[in-house]
Peer 1: 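Handing you this structure, nothing more for now.
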Amino acid sequence: MGGLQKKKYERGSATNYITRNKARKKLQLSLADFRRLCILKGIYPHEPKHKKKVNKGSTAPRTFYLFKDIRFLLHEPIVRKFREYKVFVRKLRKAYGKAEWTGVERLRDNKPGYKLDHIIKERYPTFIDALRDIDDALSMCFLFSTFARTGKCHVQTITLCRRLTVEWMNYVVTSRSLRKVFLSIKGIYYQAEVLGQLITWLVPYQFAHDHPTDVDYRVMATFTEMYTTLFGFINFRLYQTLNLVYPPKLDSKAESELKAEHEEDYAMDSESYLEKLSALSASLARVVATAEEEENQLDLFPTEGEDQENMQAREKEQKEQEAQKRLFEGLKFFLNREVPRESLAFILRCFGAEVSWDKSLCIGGTYEVTDETITHQIVDRPDMDKQYINRYYIQPQWVFDSVNAQMRLPVEDYFLGTTLPPHLSPFVEEKDGDYVPPEKLKLMALQRGEKPVQEDDEEEEEEDDEEEEEEDEEEDDVDDEELTEEKNLKKMEGTRAQGKTLAVKVTPGKVKPWETGSVGNKVRLEQEEKAEEKRLAIMMMKKKEKYLYDKIMFGKKRTTREVNKLTAKRKAHEDASKAQKKQKKAKKQ
Amino acid sequence: MRTVNLESQKNGTMSKAKEKSAKKRVVEEDDDQLPIFDKDVTEKKAGEEDDADLSDSEESVFSGLEDSGSDSHDEEEDAEEGDDEDDDDAVILDEILTKSSGVETATEPPATDKNTPTVNMGVLFLLQKQYSRVQNVKTAPKQKRKMKKGEGVAMDDGGEKGLINTRHGDEYEHDTSDEEDIRNTVGNIPMEWYQDYPHIGYNLDGKKIFKPIRNKDELDEFLDKMENPDYWRTVHDKTTASDIRLSDEQVDLVHRLQKGQFGDVNFNEYEPSVDFFTNEVMIHPVTNRPQDKRSFIPSLIEKEKVSKLVHAIKMGWIKPRKPKETTPQYYDLWAKEDPNAILGRHKMHVPAPKMRLPGHEESYNPPPEYLLTEEERMAWEQQDAEDRKLPFLPQKHSCLRAVPAFSRFIHERFERCLDLYLCPRQRKMRVNVNPEDLIPKLPKPKDLQPFPTTMSLVYIGHSSLVRSISASPTGQWLVSGSDDCTVRFWEVNTGRCMKTLEVGGAVKSVAWNPNPAVCLVAVCFESTVLLLNPGLGDRLVVSSTDQLITSYEPPEEDKEQAVTWALSEGPEHDNGHRLTLTHPKAVKQVVWHGKGDYLASVMPDNSSNLQVLIHQVSKRRTQNPFRKNKGLVQCVSFHPLRPYFFVATQRYVRVYNLIKQELTKKLMTNCKWISSMAIHPGGDNLICGSYDCRLAWFDLDLSTKPYKMLRHHKKALRGVAYHKHYPLFASGADDGSVIICHGMVYNDLLQNPLIVPVKVLKGHQITHDLGVLDVTFHPTQPWVFSSGADATIRLFT
């Protein structure tokens, strides 16, 4: 056995990873700078497969970076900029200390800065890569653009974020790429399909933020710095693809219209311009002035078999999309002042509607309330004093639900002051076995073109309450015995109120199928046998497979349990509401 | 040292005295105390007389003053001269003093003023100041005291100077060691140089100062010390060689200085400080010097500089600073994008997962089933933030305008940021398998029949747990041993208890002799193994068995045996007892060899090699096959065909060749504690049940490790058994179930045994956490017997 003894932890995974502190020392950076560098360069810790091996036998909790990542950081030119900045700060402090104000000014003028262009290019070699990763950037920029101009971060950052988000929204409007919207309790989710990528972002509701104290805004600011750079380049490229002028300019026609109205409100033209852009009511100027681009048709190639089917499916999808893009085309909306103007204007414009609002609400409104051609007025108040007869007064949820349903939903449910139907998330795709809320089923039926039957039923139900009740009872007897007592009591009350006698009835008992004869018995036996076979086979499983199997089965059981729970809850709720209705009716009588 | 001290003290005292006098002068009191040092005074007077020429020394006086004021005088440089000057000073000032003593303070300024015409401006200034100081009695002492203190320590001789200071209250007047009260003019030399001379120096007149006639010797010193009450305050002045008695004030001063206090009693060291310069900006210039001409003329140098700059600007060399570009510039970054460029840095890159998309429950107006009930809400609130399934509470708002801001919005964004840059990423393979595919495809149990499927008979009779059962080779009878100290014989087909035998202890094990020609049952309880002839079945067999036992002839030489063989007689014989083997220790198990002649008994004992005994019934011989103790023996078994002997200790099964008397194999069971063992009738396979719920199948030809580990039972296995003819094996466990498995062993060595569980038989009740204690197969039929802790035996057919 010759040769040198191999030392432990000098090869293999131990050398592929490096702890954070070691990495920091290698880069000669402070923790803050290291953090900044990691954020900008997109370096993140890796979880090694064998943590103990990498940790040289210790089990202490440590974060590991890939050694290659750190080596890659070594040659980053931005590190030098960090050091320069550090020196700058030191000099500045010294100048302050000595009260050399000219020196301070000079230093300020020559403050070192850095650009992130090369990092963006390096992190996202192709445009699609960048687009794929823009979700977080969008959400962050939308958040920052809602910050107050004081305190937490630089005003330039906020204005830049605002500018970029407005540009983005204008792009989405122009390209009509919005697909789904969702009003959640957190904010409004939007999903757009840009160049084949699904991009989702979240916009908070328009409120002043209550800034938490346990959040490190420096981290957020660093992220925002990176995101704004990325976002700007993406916007530029997107505008280029649509032949739009970047930075965006309003259509000359629209501009002149707007100019006439709101000249005196703003001191500076630059200020009002962003506002006009963010109003989203006017179209943007194009580089090459063309008329509305012709929708390019899919070329048809002769194909056969499956391909043909695929082709047809694709064609159908395409058509549907086109239809969705024109969802609100030809409609004229007017936004009341209490609805969120920006989001609604954005959505409506994305689907080809005309939108306007009160002049005092925001710049950019194109027509007045009194306009006779308005088809829908979006209202979020219990009642309106003055109503026009030739327009619908609907609540804002209609817009969102219609967009998600890809069709104009019947407006009756969304009228002024009515109780709204539940607002469902368009992002949930139910697999078989998952719980599907009844509203969704109804919606799917609507989409398929079936007439809504449910409502008629309900009315009928109310009409011939008596029969219903008895039927109900029967059902209850079979289904759940728990509720029967309650039911009985209620029914008694009901009858007493109505002053009618209870019809005594005997229902024929149902015989369980396996008790009837040998056929059922056989079936049951077979089933049992099968089950036992399976049980026995499971006993013979290998340990590993058994573990996996158990896990899968556990997960399945959990989902079914949850589904059952939701169904039960729904049922209880419906029963309760029904009972309430009945009570009300009884009281009336 | 002593001299130094003395001088300083003297000086201090004097100055103090003088100062006092000055004060007195101010308050107009009599100055009778003024001369403290009589000698001094007298000598001074003499000096005064000698040095009469006042005008002559005037110049020097002021120069001296100035010197002292500037404080830059070098004392060593010109000692003689300095001395003279200082002397002069002293004299003059003394005169001033004398003049002014008894005169009011108001009269003092003229006394000083009279000198002014002859001196220059600076001195005048000084004197004015000095005057103001004298007037300002409060402030003056502070400075004075400071100086005096410094001198007192640092200087040899400052007496005169102190005097001066006090007289005039002037800090500029003090000076260095030159100003001494000099009686001896030899200067600052070691006085030993004069040891051999009758004199010790020269006085001011140049006359020798003679030493005293007689020097004080030790005796004188002693006498002085004893007799002179002032001895402690007497000091010797080396320069004059005379003793000086210190006055009270001087002693006091010494004490004060020793304590580190100021020399002056009246000095207040905590006086409020008074700004030397005023802090207010004055409107008038200090000087009224006219402005320079150059301040009215434009600077040529500046003009040159400006013209240079102007020229540079004209030439376009200097440009105004460009305003900084604050808004970032965007361009087509991906103009030259390479579609083949690898994404990211390396293949280890893990892209961040996207945020989870919201479900129905996040809606502002969710369907009612997604809202939490009261209990669920309570549970949600009590959970930790990490444990919550939903990070928020679903809420229902009737309309959009009622939706409030989400308070954790910034938090969630921030957490996402943290996740992006702090959270370690790992690629995880998601298993996407159909769980049905994981279940192994086994032959259907239906195709593997026959095997016991239903419980047919229950043998009831025992009153305590039935530890062991055994079926007769014909399959007609069944013997069972129980903790109620009985052995019962049952007819298998009817379930009837044929016989009940009381034995003297809880029966641990029973074993029916497998030889069909012999009707013997081995029963063990406590330390006894009993061979019974139940007298059931074929009469001929029964009688032949009895004959076999009685036909025994003891051998000639009696060998010492570990076990005593005893033949039963009398009523015991009628009960069926034939032979009694009394062991030295408690016996746990008995087992027959296939031929029925040999019998092995197990006495588990961790500390001795006497754990297993093999008895030969026909010869009534007993031998201990093992010399060494290899661990606690759990059970033993004979190989059905070959002369092998299996011994199961806690974790291993050892296979011994009885003929060669050697260990052939050691099987690792991977179990914690073996409970039971059974050998396949073919002899090549073995199963081991263990208390840790496992059953290990060994293929002896294959390996010493288990071919298969079966974890079918939920609790400890107690008994395992093979069927003699059918490919079946059974295991009974504490969970009360007996599991029957199909265990097909093929003759083809290349084919591994097929093990398929075919049936789980349940019937036994669990009592005291014990279920099935023993299982055994019917010798011919595919039936299995099981005995349980519920005191029953059950037959499954």
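Quick note on labels: first sequence line is chain A, next is B, and so on, each numbered from 1.
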Peer 1: Could you give me the CA-CA distance, side-chain angles and deciding distance for A:Y44 and B:C423, then say whether side chain to side chain contact (heavy atoms under 4.5 Å, CB included) is met?
Peer 2: CA-CA 7 Å; A:Y44 45 86; B:C423 183; over 6 Å; no

Peer 1: Using heavy-atom distances under 4.5 Å, tell me whether A:E545 contacts chain B through its side chain, its backbone, both, or neither.
Peer 2: both

Peer 1: Can you tell which part of A:D133 gets under 4.5 Å to a heavy atom of chain B, answering side chain, backbone, both or neither?
Peer 2: neither

Peer 1: Less than 4.5 Å to any heavy atom of chain B: does that hold for the side chain of A:K542, its backbone, both, or neither?
Peer 2: neither

Peer 1: Got a donor-acceptor contact below 3.5 angstrom from the B:R401 side chain to the A:D380 backbone?
Peer 2: yes

Peer 1: Strictly below 4.0 Å, N to O, side chains only: are A:E47 and B:K428 in salt-bridge contact?
Peer 2: no

Peer 1: Working note: B:E369 + A:R570, criterion salt bridge (charged side-chain N to carboxylate O under 4.0 Å, His left out); need CA distance, chi angles, decisive distance, verdict.
Peer 2: CA-CA 5 Å; B:E369 61 268 32; A:R570 178 72 184 213; 2.8 Å; yes

Peer 1: Working to the nearest 0.5 Å, report the span between CG of B:L400 and OG of A:S343.
Peer 2: 7.5 Å

Peer 1: Looking at every non-hydrogen atom in both residues, tell me the closest pair between A:E532 and B:V760 and how far apart they are.
Peer 2: OE2-N, 4.1 Å

Peer 1: Check for a donor-acceptor pair, side chain of B:W334 on one end and backbone N or O of A:Y124 on the other, with a separation under 3.5 Å.
Peer 2: yes

Peer 1: Specify the closest pair of heavy atoms between B:L442 and A:A537, including all atoms of both residues, with the distance to one decimal.
Peer 2: CD1-CA, 3.9 Å

Peer 1: Which atoms of A:F127 come close to chain B, meaning under 4.5 Å heavy atom to heavy atom: side chain ones, backbone ones, both, or neither?
Peer 2: both

Peer 1: Could you please spell out the steps behind the salt bridge (charged side-chain N to carboxylate O under 4.0 Å, His left out) verdict for A:E529 and B:K446?
Peer 2: CA-CA 9 Å; A:E529 216 165 84; B:K446 215 193 259 174; 3.3 Å; yes

Peer 1: Measure distances from A:I552 to the heavy atoms of chain B and classify the residue's part below 4.5 Å as side chain, backbone, both or neither.
Peer 2: side chain

Peer 1: Is it the backbone or the side chain of A:P421 that comes under 4.5 Å from a heavy atom of chain B, or both, or neither?
Peer 2: backbone

Peer 1: Answer with yes or no after comparing the ring centroid distance for B:Y330 and A:F233 against a 6.0 Å cut-off, counting only values under it.
Peer 2: yes

Peer 1: Do B:S363 side-chain atoms and A:L424 backbone N/O form a donor-acceptor pair below 3.5 Å?
Peer 2: no

Peer 1: Go through the atoms of A:P426 and report whether side chain, backbone, both or neither lie under 4.5 Å from a heavy atom of chain B.
Peer 2: neither

Peer 1: Is B:K336 close to chain A through its backbone or its side chain, or both, or neither, when contacts mean heavy atoms under 4.5 Å?
Peer 2: backbone

Peer 1: Heavy-atom distances under 4.5 Å only: say whether A:L198 touches chain B with side chain, backbone, both or neither.
Peer 2: backbone

Peer 1: Less than 4.0 angstrom from a charged side-chain N to a carboxylate O is my criterion; do B:R413 and A:D136 meet it?
Peer 2: yes

Peer 1: Please state whether the side chain, the backbone, both or neither of A:L566 comes within less than 4.5 Å of a heavy atom of chain B.
Peer 2: both

Peer 1: So, taking the atom named NE2 in B:H349 and the one named NZ in A:K68, what distance separates them when rounded to the nearest 0.5 Å?
Peer 2: 14.0 Å

Peer 1: For B:I739, is it the side chain, the backbone, both or neither that has a heavy atom under 4.5 Å from a heavy atom of chain A?
Peer 2: side chain

Peer 1: When only pairs under 4.5 Å are counted, which of A:Y205, A:Y65, A:Y217 shares the most heavy-atom pairs with chain B?
Peer 2: A:Y205

Peer 1: Roughly how far, to the nearest 0.5 Å, is the OG atom of A:S139 from the CD atom of B:E412?
Peer 2: 11.0 Å

Peer 1: If you look at every heavy atom in B:G359 and A:F182, which pair is closest and at what distance?
Peer 2: O-CZ, 3.6 Å

Peer 1: By a 4.5 Å heavy-atom criterion (distance strictly below it), what part of A:F147 contacts chain B: side chain, backbone, both, or neither?
Peer 2: side chain

Peer 1: Relative to chain B, which segment of A:P204 carries a heavy atom at a distance below 4.5 Å: side chain, backbone, both, or neither?
Peer 2: both

Peer 1: Check whether B:K354 reaches the backbone of A:R132 with its side chain - one donor and one acceptor, N or O, closer than 3.5 Å.
Peer 2: yes

Peer 1: Indicate the atoms forming the closest heavy-atom contact of A:L536 with B:P445, along with that distance.
Peer 2: CD1-CG, 4.3 Å

Peer 1: Tell me, for A:V215 versus chain B, whether the close heavy atoms (under 4.5 Å) come from the side chain, the backbone, both or neither.
Peer 2: both

Peer 1: Taking side chain as everything from C-beta outward and backbone as N, CA, C, O, which of these in B:L710 sits under 4.5 Å from a heavy atom of chain A? Side chain, backbone, both or neither.
Peer 2: side chain

Peer 1: Starting at NE2 of B:H397, measure out to CD1 of A:I185 and round the result to the nearest 0.5 Å.
Peer 2: 6.5 Å

Peer 1: Between B:H360 (side chain) and A:S425 (backbone), is there a donor-acceptor pair under 3.5 Å?
Peer 2: yes

Peer 1: Could you go step by step and tell me if B:Y364 and A:L420 meet the side chain to side chain contact (heavy atoms under 4.5 Å, CB included) rule?
Peer 2: CA-CA 11 Å; B:Y364 87 103; A:L420 289 167; 3.6 Å; yes

Peer 1: Count the heavy-atom pairs under 4.5 Å between each of B:C741, B:P367, B:P424 and chain A, then report the option with the highest count.
Peer 2: B:P424

Peer 1: Below 4.5 Å, heavy-atom pairs only: which of A:K440, A:E439, A:Q397 has the largest tally toward chain B?
Peer 2: A:Q397

Peer 1: With a 4.5 angstrom heavy-atom cut-off, which part of A:F223 approaches chain B: side chain, backbone, both or neither?
Peer 2: side chain

Peer 1: Please give me the minimum heavy-atom distance between B:Y331 and A:D117, naming the atom from each residue.
Peer 2: OH-OD2, 2.9 Å

Peer 1: Tell me, for A:R163 versus chain B, whether the close heavy atoms (under 4.5 Å) come from the side chain, the backbone, both or neither.
Peer 2: side chain

